[in-house]
Amino acid sequence: VQLQASGGGLVQAGGSLRLSCAASGVTFANYGMAWFRQASGKEREFVARSSWSPGNLYYGDSVKGRFTISRDNAKNTAYLQMNNLKPEDTAVYYCAADGSPRSYGSTIYLPRRYAYWGQGTQVTVSS
């Protein structure tokens, strides 16, 4: 399984970015996908998740109402639309996939749940 994240960059506060995560080596539609971020010197933080079952979306408290996760199963790609960006959103953003298909559980907010990770893409928000 390979995940390739892209779309990061430098943006001013209040701006928008869209991250993409292209997956290969899995039946993408059967896997939950998530985004995490890690700021310098901090722990990896849950951002959003799109479960394999349609319509089940989850967000971290700090991004609710500003970020939207989506997926295109035909393109094997997950997206993270980030609006109204703030300087505190500055971090390396990682996409991640469940370790097994059609999985449930209460650990969706924890990095250890996810077996596959992309390489990370830097998002920098200037004030």
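None of these values were measured; they are calculated from a predicted model. Computed from heavy atoms alone, side chains included, the values below leave out hydrogens, waters and symmetry copies.
Looking at every heavy atom in both residues, Cys21 comes nearest to Leu3 through SG-CB, 4.0 Å. A pairwise comparison of heavy atoms in Phe46 and Gly60 identifies CE2-N, 3.6 Å as the closest pair. In terms of heavy-atom proximity, Tyr109 sits nearest to Tyr58 at OH-CD2, 4.0 Å. The shortest non-hydrogen separation linking Gly120 to Val92 is CA-CG1, 3.8 Å. Considering every non-hydrogen atom in both Leu80 and Trp35, the closest pair reads CB-NE1, 3.6 Å. The shortest heavy-atom contact between Thr121 and Gly8 is OG1-N, 3.1 Å.
Considering only residues two or more places apart in sequence or on other chains, Glu45 meets the side chain to side chain contact (heavy atoms under 4.5 Å, CB included) condition with Arg37, Ser62. Every residue meeting the ring pair (Phe, Tyr, Trp, His ring centres under 6.0 Å) condition with Tyr104, not counting sequence neighbours, appears here in chain and number order: Trp52. Legend: residues meeting side-chain hydrogen bond (donor to acceptor under 3.5 Å, both in side chains) with Gln38, ordered by chain and number and at least two apart, are Arg44. With sequence neighbours left out, Arg71 forms a salt bridge (charged side-chain N to carboxylate O under 4.0 Å, His left out) with no residue at all. Residues satisfying the side chain to side chain contact (heavy atoms under 4.5 Å, CB included) criterion with Ala39, sequence neighbours excluded, are Lys42, Ala91. The side-chain hydrogen bond (donor to acceptor under 3.5 Å, both in side chains) check on Asn84 picks up nothing, with sequence neighbours excluded. Every residue two or more places apart in sequence or in another chain that forms a side chain to side chain contact (heavy atoms under 4.5 Å, CB included) with Gln2 is listed here: Ser24. Taking Val125 as the reference, Val11, Ala13, Leu85, Pro87, Asp89, Thr90, Val123 meet the side chain to side chain contact (heavy atoms under 4.5 Å, CB included) condition, with sequence neighbours excluded.
Residues Ser6 and Gln4 have side chains that never bring a donor and an acceptor to within less than 3.5 angstrom of each other.
Interatomic distance, Met82 CE to Leu19 CG, rounded to the nearest 0.5 Å: 4.0 Å. The distance from the OG atom of Ser50 to the CG atom of Asn73 is 7.5 Å, given to the nearest 0.5 Å.
By the criterion of side-chain heavy atoms lying less than 4.5 angstrom apart, applied directly or through intervening Ile, Leu, Val, Met, Phe, Trp or Tyr residues, Trp117 is grouped together with Ile108 in one hydrophobic cluster. Residues Leu17 and Val47 share a hydrophobic cluster, clusters being chains of Ile/Leu/Val/Met/Phe/Trp/Tyr side chains in contact below 4.5 Å. If you chain together hydrophobic residues whose side chains sit under 4.5 Å apart, Phe67 and Leu57 fall into the same group.
Under the salt bridge (Lys or Arg N to Asp or Glu O under 4.0 Å) criterion, no residue pair touches residues 7-19, with sequence neighbours excluded. Identified under the side chain to side chain donor-acceptor pair (under 3.5 Å) test for residues 7-17, with sequence neighbours left out: Ser16-Asn83. Evaluation of the disulfide bond (SG atoms under 2.5 Å apart) test over residues 29-81, restricted to residues two or more places apart or in two chains, returns none.
Contact check for Phe28 versus Met33: side-chain heavy atoms found under the 4.5 Å cut-off.
Phe36 pairs with exactly one of Tyr114, Tyr93, Tyr94 by the ring pair (Phe, Tyr, Trp, His ring centres under 6.0 Å) rule, that one being Tyr114.
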Mind listing the side-chain donor-acceptor pairs of residues 95-102 below 3.5 Å, one per line with the distance, residues two or more places apart or on another chain?
from, atom 1, to, atom 2, distance (Å)
Asp98, OD1, Arg49, NH1, 2.9
Asp98, OD1, Arg113, NE, 3.0
Asp98, OD2, Gly32, N, 3.3
Asp98, OD2, Arg49, NH1, 3.4
Asp98, OD2, Arg49, NH2, 3.0
Asp98, OD2, Ser103, OG, 3.0
Arg102, NH2, Asn30, OD1, 3.2

